Amino acid sequence: MKYAKMREAFNHKIGTFQAISHKLAEMATYIEAARLMVYKAAWQFDHGKADPKLSSMAKWFPANVAVKVADEAIEIMGGHGYMVENEVERFYRDARGAEIYEGTREIQKNTIARYLLGKLS
Ligand SMILES: Cc1cc2nc3c(=O)[nH]c(=O)nc-3n(C[C@H](O)[C@H](O)[C@H](O)COP(=O)(O)OP(=O)(O)OC[C@H]3O[C@@H](n4cnc5c(N)ncnc54)[C@H](O)[C@@H]3O)c2cc1C
């Protein structure tokens with residue numbers, strides 16, 4: 001966000017380009033959706049209504065959102081985003097790790113599907 005407001009290309013702040021502003025709108029929306037999902041899963045757990053399907057959704061989806069958002073942040077920052085001197089490339093690696101530890105995305109989807117479909121013969 002800070003970079004999009006500051007960086008100029010073709011005499012315009014890049015945040016004024018619709019393609020960039022739409023990325024930021026999508027990133028903020030995904031983050032909000034992921035946050036609400038985590039809060040719902042945590043609320044259910046706190047109230048003794050833990051739902052393994054929702055827990056797996058709340059592990060996989062926000063981790064995937066973090067990867068998507070960090071990837072778009074790198075894109076918005078162009079070559080600067082790719083350099084180790086900037087923290088967004090580390091955010092991308094950290095986010096990718098979250099899709100692996102504490103249950104990979106494949107395993108979370110297995111759990112979601114198992115609760116959706118039940119035992120199939
Ligand atoms: C940043 C980071 C931090 C970590 N921190 C810790 C930690 O603090 N403590 C700890 O104990 N471990 C930690 N780990 C290890 C992590 O928990 C394991 O890497 C993870 O559980 C996956 O196990 P694995 O690497 O053996 O992959 P594997 O189990 O060999 O899986 C390899 C691939 O096959 C897929 N796969 C496996 N089984 C199935 C299946 N039945 N159906 C579909 N796909 C399947 C997996 O999703 C994955 O894509 C960390 C890993 C990372 C990346």
Side-chain angles (χ1 to χ4, degrees):
M1 200 75 78
K2 217 190 302 177
Y3 193 82
K5 286 181 181 174
M6 177 266 292
R7 172 74 171 170
E8 287 190 17
F10 304 100
N11 297 320
H12 290 94
K13 300 267 192 283
I14 62 168
T16 65
F17 299 141
Q18 193 179 55
I20 300 288
S21 68
H22 280 190
K23 279 188 198 300
L24 293 167
E26 286 174 16
M27 291 155 80
T29 306
Y30 277 126
I31 290 169
E32 198 62 26
R35 185 174 287 138
L36 290 174
M37 190 181 282
V38 170
Y39 287 167
K40 182 177 177 185
W43 187 91
Q44 289 199 348
F45 183 84
D46 282 351
H47 289 79
K49 299 173 181 171
D51 173 359
K53 171 169 54 64
L54 184 60
S55 300
S56 281
M57 289 175 178
K59 162 64 174 67
W60 162 62
F61 183 72
N64 187 249
V65 164
V67 171
K68 282 190 209 305
V69 168
D71 185 40
E72 289 290 48
I74 290 173
E75 195 68 36
I76 290 169
M77 293 183 70
H80 287 288
Y82 189 74
M83 293 164 80
V84 287
E85 286 79 4
N86 289 301
E87 51 191 5
V88 286
E89 67 84 33
R90 187 178 60 78
F91 292 160
Y92 182 82
R93 279 186 291 120
D94 287 353
R96 196 63 187 81
E99 283 192 313
I100 298 171
Y101 58 70
E102 296 288 337
T104 64
R105 58 190 180 192
E106 287 77 16
I107 298 303
Q108 302 302 340
K109 288 179 197 175
N110 281 354
T111 303
I112 297 165
R114 192 165 67 244
Y115 278 86
L116 285 175
L117 294 166
K119 200 173 166 61
L120 296 178
S121 57

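Both counts, for ligands and for their atoms, begin at 1 and track the order of listing. Everything quoted here is computed from the prediction, not taken from an experiment. By convention here, the first residue in the shown sequence is residue 1.
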Inset, instruction - May I ask you to check if ligand 1 and Tyr101 share an N or O to N or O distance below 3.5 Å? - result: no
Inset, instruction - For atom 26 (O) of ligand 1, decide whether some protein heavy-atom distance is shorter than 4.0 Å. - result: no
Legend entry - Taking atom 42 (N) of ligand 1 as the reference point, the nearest protein heavy atom with its distance: Asn110 ND2, 3.3 Å
Inset, instruction - For ligand 1, note which part of Thr104 has a heavy atom under 4.0 Å away: side chain, backbone, both or neither. - result: side chain
Inset, instruction - Measure from atom 23 (O) of ligand 1 to the protein's non-hydrogen atoms and state whether any distance is below 4.0 Å. - result: no
Legend entry - Heavy atoms from other residues, nucleotides or ligands near OH of Tyr30 exceed 12 (cutoff 6.0 Å): no
Legend entry - Protein non-hydrogen atom found under 4.0 Å from atom 3 (C) of ligand 1: yes
Inset, instruction - Flag atom 31 (O) of ligand 1 as yes if some protein heavy-atom distance to it falls below 4.0 Å, otherwise no. - result: no
Inset, instruction - Check whether any protein heavy atom sits under 4.0 Å from atom 46 (C) of ligand 1. - result: yes
Legend entry - For atom 21 (O) of ligand 1, closest protein heavy-atom neighbour: Ile100 O, 4.1 Å
Inset, instruction - Determine whether more than 12 heavy atoms belonging to other residues, nucleotides or ligands lie under 6.0 Å from atom OH of Tyr82. - result: no
Legend entry - Polar side-chain atom of Asp51 near backbone of Lys53 as donor-acceptor pair, under 3.5 Å: yes
Inset, instruction - Kindly indicate whether atom 13 (C) of ligand 1 is approached by any protein heavy atom to under 4.0 angstrom. - result: no
Inset, instruction - Could you tell me whether Glu26 and Lys23 have a side-chain N and a carboxylate O separated by less than 4.0 Å? - result: no
Inset, instruction - Look at atom 37 (C) of ligand 1 and say which protein heavy atom is nearest, naming residue and atom and giving the distance to 0.1 Å. - result: Ile107 CD1, 4.5 Å
Legend entry - Note, Tyr92 side chain near Val88 side chain (heavy atom, < 4.5 Å): no
Inset, instruction - Please confirm whether the backbone N or O of Ile74 pairs with a side-chain atom of Glu89, one donor and one acceptor, at under 3.5 Å? - result: no
Inset, instruction - Among all protein heavy atoms, pick the one closest to atom 49 (O) of ligand 1 and tell me residue, atom and distance. - result: Glu106 OE1, 3.3 Å
Inset, instruction - Answer yes or no: is there a donor N or O on one side and an acceptor on the other, between the side chain of Lys59 and the main chain of Gly103, under 3.5 Å? - result: yes
Legend entry - Salt-bridge present (Lys109, Glu106; N to O < 4.0 Å): no
